[in-house]
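Here the structure is laid out as C-alpha cells; the discussion comes afterwards.
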Amino acid sequence: MKKVVLFAMLQVASATVLAQEKESVSSASVETTISADFVSSYVWRGQDLGSAAVQPTLGVDYKGLSLTAWGSYGLTDSDDAKELDLTLSYTIGGFNIGVTDYWTSEGPDPDARYFKYDAHGTNHLFEANIGYDFGLVALQWYTNFAGNDGVNKNGKRAYSSYFEASVPFRLATVDWTATAGVVPYATTAYETTGFAVTNISLCATKDIKITDAFSIPLFAQVTGNPCSQKAYLVLGFTLHP
C-alpha cells in the first residue's frame, strides 16, 4: 500500500513539474508589447489625419504570429477622429503578411458604432498587406478589400492600394529611416486621380537617457506629399516598459 501511495505521489509531482516547465516555456515564447506614442500631429502615409495625439499600442506575439491593437486619440482638438485598429500578422524571416481592421469615429455611420459592419454603412475598413524586409530595404504592399474604401473615377470600389519602400541607416549616432510611398491608381481614399507619389519622408530616432535604467526614444519626421503639394514636420516620443 505504501508503495502504491508513494508511486502516486511521484506521478503527481512529475506531472506538476512538467506542467510548470511547459508553462514556463510557453510564457517565454509569448511576447507582449505595451507602449504609447505622443505626437505633435497625426500624419499617415503622407496624409494629415489630425493634430497632437496619443497613440497607444497593445500586442502579443507568439513565434511570429501577432495580434496588435493600435489607437489614436486627439489631445488638443476634440473634433479629431478617434481610431482603433486591429492587426493580425505573421512574420517569418524577412517575409510578412497580415490583415488590418481600421475603425474611426468618422465615416458613413454618424453614430460611430464600432460593432456596425453593414457593407455600405460601416466605419470599418479592411486592408491586407504583404512585404519583405531585405535588410538594406523593406518593401510593403497594402490593398483595401472591404468596408469603407474609396472609389475610383467610375464611382466603383477602388480597392485602394499603397506601395512603400523604406531604407534604414545610422548616421551621427542617430537611427534614420527614409521612406517613399506611392498610390498606383485613382482612389478617393488617398485623393489621387491616377498613379501618384504621396509620401516622401525622413525620420530620425534617438534614445534620450533619463536615468541609468530608463530612456525615452525621441523622433522627428519630415514628410512631403508631392501629390497634394503638402509637407509636415512631426515631433514625438515613445513610452514603453
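By convention here, the first residue in the shown sequence is residue 1. The analysis underlying the following values was restricted to heavy atoms, covering all of them including side chains, and did not include hydrogens, waters or symmetry mates.
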Is Ile92 atom CD1 crowded by more than 12 heavy atoms from other residues, nucleotides or ligands, each under 6.0 Å away? no
Under the rule for side chain to side chain contact (heavy atoms under 4.5 Å, CB included), what residues qualify as partners of Val151, not counting sequence neighbours? Thr188
Is there a path of hydrophobic side-chain contacts, each under 4.5 Å between heavy atoms of I/L/V/M/F/W/Y residues, joining Phe95 to Tyr62? no
Short side-chain to backbone donor-acceptor contact, Thr211 and Ala213, under 3.5 Å: yes
Have a look at Ser160 and tell me which of Asn152, Thr143, Asp149 forms a side chain to side chain donor-acceptor pair (under 3.5 Å) with it. Asp149
Spacing of Leu58 atom CG and Thr68 atom OG1 [to the nearest 0.5 Å]: 8.0 Å
If a pair satisfies salt bridge (charged side-chain N to carboxylate O under 4.0 Å, His left out) and one of its residues is in residues 183-196, list it, with sequence neighbours excluded. none
Pairing residues for Thr122 by the side chain to side chain contact (heavy atoms under 4.5 Å, CB included) criterion, not counting sequence neighbours: His124
Does the side chain of Tyr42 pick up a donor-acceptor pair with the side chain of Glu83 at under 3.5 Å? yes
Just grab all the salt bridge (charged side-chain N to carboxylate O under 4.0 Å, His left out) pairs involving residues 212-222, residues at least two apart or on different chains. Lys209-Asp212
Indicate every side-chain donor-acceptor pair of residues 192-200 with a distance under 3.5 Å to a residue at least two apart or in another chain.
unit_1, atom_1, unit_2, atom_2, d
Thr192, OG1, Tyr185, O, 3.3
Thr192, OG1, Thr187, N, 3.3
Asn199, ND2, Tyr162, OH, 3.0

Taking the side chain from Asn225 and the backbone from Cys227, do they hold a donor-acceptor pair closer than 3.5 Å? yes
Should the ring pair Phe163 and Trp141 be called parallel, tilted or perpendicular, given that the plane angle runs from 0 to 90° and is split at 30 and 60? tilted
When you compare the side chain of Val182 with that of Glu164, does any pair of heavy atoms fall below 4.5 Å? no
For Thr173 and Lys206, test the side chains for any donor-to-acceptor distance below 3.5 angstrom and give the result as yes or no. yes
Nearest 0.5 Å, please: how far is OG1 in Thr91 from CG in Asp61? 7.5 Å
Table please: side-chain donor-acceptor pairs of residues 108-119 below 3.5 Å, with sequence neighbours left out.
unit_1, atom_1, unit_2, atom_2, d
Asp109, OD1, Asp111, N, 3.1
Asp109, OD1, Arg113, NH2, 3.3
Asp109, OD2, Arg113, N, 2.8
Asp109, OD2, Arg113, NE, 3.2

How about Asn96 and Gln140: does a side-chain donor come under 3.5 Å of a side-chain acceptor? yes
Which residues share a salt bridge (Lys or Arg N to Asp or Glu O under 4.0 Å) with Asp175, sequence neighbours left out: Arg170
My understanding is that only residues two or more places apart in sequence, or in another chain, count here; which of them pass side chain to side chain contact (heavy atoms under 4.5 Å, CB included) with Phe145? Val99, Phe126, Ala128
Asp77: what forms a salt bridge (Lys or Arg N to Asp or Glu O under 4.0 Å) with it, not counting sequence neighbours? none
Without swapping roles, check the side chain of Gln47 against the backbone of Ala189 for a donor-acceptor pair under 3.5 Å. yes
Who else is in the cluster with Leu233 when I, L, V, M, F, W and Y are joined by side-chain contacts under 4.5 Å? Phe169, Leu171, Val174, Trp176, Leu202, Val222
Measure from the side-chain N and O atoms of Asn123 to the backbone N and O of Thr104, and report whether any donor-acceptor pair falls under 3.5 Å. yes
With sequence neighbours excluded, residues passing side chain to side chain contact (heavy atoms under 4.5 Å, CB included) with Thr33: Ser35, Thr57
Per the salt bridge (charged side-chain N to carboxylate O under 4.0 Å, His left out) rule, what does the pair list look like for residues 39-52, sequence neighbours excluded? Arg45-Glu127
